[in-house]
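On a predicted model such as this, the values are computed, not experimentally measured, just so you know.
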Amino acid sequence: MNAHGAASMKQTETKKKYMGIDQFDQFSDDHQKFKIDKRKMVDSQYSIPMGIFFSVFFSVVYYLLTSWREKIRNSTPLHAVTMTEMAAIVTFLASCVYLLGFFGMSFVQATPEEEEEEEEDIVKSDVESVKQVVLKEVETIVSSQEDEEVIQAVVSGKTPSYSLESKLGDCKHAAFIRRVALERITGKSLDGLPLEGLDYESILGQCCEMPVGYVQIPVGIAGPLLLDGKEFSVPMATTEGCLVASTNRGFKAIHVSGGATSILLKDGMTRAPVVRFATARRAADLKFFLEEPLNFKTIASVFNKSSRFGRLQTVRCAIAGKNLYIRFTCSTGDAMGMNMVSKGVQNVLEYLQADFPDMDVIGISGNYCSDKKPAAVNWIEGRGKSVVCEAIIPEEVVKKVLKTDVASLVELNMLKNLTGSAMAGALGGFNAHASNIVSAVYLATGQDPAQNVESSHCITMMEAVNDGRDLHVSVTMPSIEVGTVGGGTQLASQSACLNLLGVKGANKDSPGGNARQLAKVVAASVLAGELSLMSAIAAGQLVNSHMKYNRSNKDASAKP
């Protein structure tokens, strides 16, 4: 055995001896004799195993620190020593004497040879390692006691749950404390709701308050989508079986047909405050003032000061008695833009107050915007990105990929998506299931899922072309509200999905380009979903498909 191997084995032996490990490797007789002779005096005079010594030593130190901390809290004099504390102090001093004697004897027994000096260093290093382990255990105990105090304070109401992040300075620790407190308050277990694996710092102040974990939503990939000559792999977060598979089939039909084409019609986010006057006449005066073209330039200048990217496009007004609803529309770059447009509107209202001091601002939003609600104003005028996406599917693809025929699809679309929706009094709902695809892509890419309401406004059109042989299919979506910066788009998982689409963050070359591209991808994905679902219904495959992909008997929450 070479010198390096011998040193390695001696180091392992020493570590095992002084860290209290039971199993020892067997060395040669000469080496074992050397170890016994070297430590004979120390072992005879100081025979207490090091593991037991350090456990006693640090237990005494921990007891004394805890006791003194309680005295400080209760304003008790430190010199008022109890019998237990006196015993602990004596034990502590005795331990110090033992420790000095042990290492002093080891120093006396040391020889000048290089190997002995090396082994002495190893012993010291191992002792330090044991000290660190014990200290860590003590810190864990202290930390657990402190956590218990905070938990009790939250449960009793002394510490508000929402203040834990600022109080503790650790977002993940705050989520843990809040979670335990919630379980005690409700008596319900949160087993199954993950805590580990989320960067809680990244959601602070922008995504979610008072977190106790996160919900897992599977992300599937459909594609490739061939759109405007480029291919995209589209992430979809959903718990509905068959949705990704169905959309994927639509992508296949579009791809082999030469791809889809998209057109961006409008790009402008809206906000509509409501203001009130003493009379309808005064409300009308402001309406005429705002809609006067000569005044628009001044108003736009005031609005645009709020942001580098927010640019006022139009102002539309509606009167209800003496109340005036003012709908501002502006470009917002790659952000979805709700905060941006609200800030600009606030600037304009403050400016108008000088000329209309009798104007009473009731609310920055008067629902004439309209956000997260089905509204005809969005269906007619648009909100966010207005997109049309179309494709021509040859007869052969309709038969082989979609398993139906052109005439059946055209007839079904007319009776279901158009006539049926009209009979139901639908508002922007002239489609088969646009909301399904919009929601899945929104969740995957960090969009506001509540804006699925107006973003899913869609009319699906199908028409036989080329002498009735081929199918022209299109979707028109006037209010797709998306962004690639801000909000949930900055979280790691959602950011990764945006990166997959090539639209992560702000577009430096063309501000707003990434958000517009994402809106086109959403519309094209809806086109594929409409095409596939309508084909499944026309071919009588809908029930069988869902029975196959959406009827598992497995209970994921059941513990093995």
If we only count heavy atoms from C-beta on, is the Ile326 to Leu286 side-chain gap below 4.5 Å? yes
With distance as the sole test, does Ser306 use its side chain to make a donor-acceptor pair with the main-chain N or O of Phe303 at under 3.5 Å? yes
For the CD1 atom of Ile380 and the OG atom of Ser479, what is their distance to the nearest 0.5 Å? 11.5 Å
Going by salt bridge (charged side-chain N to carboxylate O under 4.0 Å, His left out), name the residues that satisfy it together with Arg276, two or more places apart in sequence or in a different chain. Asp360
Distance check, rounded to the nearest 0.5 Å: Leu498 atom CG versus Leu491 atom CG? 10.5 Å
Pro218 to Thr239 - nearest heavy-atom pair and separation: CD-CG2, 4.0 Å
Quick one: does His433's side chain have a donor or acceptor within less than 3.5 Å of a partner on Gly529's backbone? yes
Smallest heavy-atom separation, Ala181 atom then Val154 atom, equals CB-CG1, 3.6 Å
Atom CD of Gln206: over 12 foreign heavy atoms under 6.0 Å: yes
State, yes or no, whether a side-chain contact exists between Gln517 and Val503 at a heavy-atom distance under 4.5 Å. yes
Glu481 and Gln447 side chains, donor-acceptor separation under 3.5 Å: no
Sole residue of Asp334, Ile480, Val482 in side chain to side chain contact (heavy atoms under 4.5 Å, CB included) with Leu518: Val482
Residue list, side chain to side chain contact (heavy atoms under 4.5 Å, CB included) with Pro478, at least two apart or on another chain: Trp379, Ser386, His457
Examine distances only and state if a side-chain atom of Glu149 and a backbone atom of Asp147 form a donor-acceptor pair shorter than 3.5 Å. no
Does some side-chain heavy atom of Val377 sit less than 4.5 Å from a side-chain heavy atom of Tyr368? yes
Please confirm whether the backbone N or O of Leu190 pairs with a side-chain atom of Arg179, one donor and one acceptor, at under 3.5 Å? yes
Main-chain N/O of Val453 paired to Ser456 side chain as donor or acceptor, under 3.5 Å: no
Does Pro511 reach the side chain of Asn507, with side-chain heavy atoms less than 4.5 Å apart? no
Find the distance between OG1 (Thr484) and CG (Leu501) and round it off to the nearest 0.5 Å. 11.0 Å
When rounded to the nearest 0.5 angstrom, what distance separates CG in Asn514 from NZ in Lys504? 11.5 Å
Value rounded to 0.5 Å, distance of CG in Leu164 from CD1 in Ile177: 7.0 Å
Pairs meeting criterion ring-ring contact (aromatic ring centres under 6.0 Å, His included) with involvement of residues 187-217, two or more places apart: none
Residues two or more places apart in sequence or in another chain: which of them pass side chain to side chain donor-acceptor pair (under 3.5 Å) with Asn378? Arg327
Any donor and acceptor pair, going by atom type alone, linking the side chain of Ser331 with main-chain N or O of Gly333 inside 3.5 Å? no
Ser455 meets the side chain to side chain donor-acceptor pair (under 3.5 Å) criterion, sequence neighbours left out, with Tyr442
For Arg311, enumerate each residue passing the side chain to side chain donor-acceptor pair (under 3.5 Å) test, keeping only those at least two apart in sequence or located in another chain. none
Sub-3.5 Å donor-acceptor pair from the side chain of Lys266 to the main-chain atoms of Glu381, do we have one? yes
Evaluation steps, side-chain contact (heavy atoms from CB on, under 4.5 Å), between Val522 and Val234: CA-CA 9 Å; Val522 170; Val234 181; over 6 Å; no
Is the shortest side-chain heavy-atom distance between Asn499 and Cys497 below 4.5 Å? no
Please give me the minimum heavy-atom distance between Leu204 and Cys171, naming the atom from each residue. CD2-SG, 3.7 Å
Flag, side chain of Ser202 to backbone of Asp199, donor-acceptor distance under 3.5 Å: yes
Please list, chain by chain and in numerical order, all residues satisfying side chain to side chain donor-acceptor pair (under 3.5 Å) with Ser156, sequence neighbours excluded. none
Residues pairing under salt bridge (Lys or Arg N to Asp or Glu O under 4.0 Å) where one sits in residues 439-454, two or more places apart or in two chains, turn out to be Lys372-Asp448, Arg383-Glu454
Distance, nearest 0.5 Å, that separates NZ of Lys373 from CD of Gln451: 10.0 Å
Write out all pairs satisfying ring-ring contact (aromatic ring centres under 6.0 Å, His included) with one or both partners inside residues 323-350, taking only residues at least two apart or from two chains. none
Side-chain donor/acceptor of Asn304 to backbone N/O of Ala300, under 3.5 Å: yes
Would you indicate whether the side-chain heavy atoms of Leu443 and Thr238 approach each other to under 4.5 Å? no
Just jot down the salt bridge (charged side-chain N to carboxylate O under 4.0 Å, His left out) partners of Asp267, sequence neighbours excluded, or say none. Lys385, Arg516
For the residue pair Cys317 and Leu324, what are the closest heavy atoms and their distance? CB-CD1, 3.9 Å
Can you name the closest pair of heavy atoms from Ala444 and Pro235 and give their distance? CB-O, 3.7 Å
Might you work through the side-chain contact (heavy atoms from CB on, under 4.5 Å) test for Gln490 and Ser495, ending with a clear yes or no? CA-CA 6 Å; Gln490 298 179 130; Ser495 181; over 6 Å; no
Side-chain donor-acceptor pairs under 3.5 Å in residues 335-355, sequence neighbours left out?
from	atom 1	to	atom 2	distance (Å)
Ser342	OG	Arg271	NE	3.1
Ser342	OG	Met338	O	2.8
Gln353	NE2	Met359	O	2.8

Taking every heavy atom of Ser370 against every heavy atom of Thr270, the minimum-distance pair comes out as N-OG1, 4.3 Å
Inter- and intrachain pairs under salt bridge (Lys or Arg N to Asp or Glu O under 4.0 Å), touching residues 161-176, at least two apart: Glu165-Arg178, Lys172-Glu196
Walk me through whether Asp371 and Ser365 qualify under side-chain contact (heavy atoms from CB on, under 4.5 Å). CA-CA 9 Å; Asp371 186 42; Ser365 174; 5.9 Å; no
Would Arg184 and Gln152 count as a side-chain contact (heavy atoms from CB on, under 4.5 Å) here? Give the steps. CA-CA 9 Å; Arg184 294 188 185 180; Gln152 290 292 345; 3.3 Å; yes
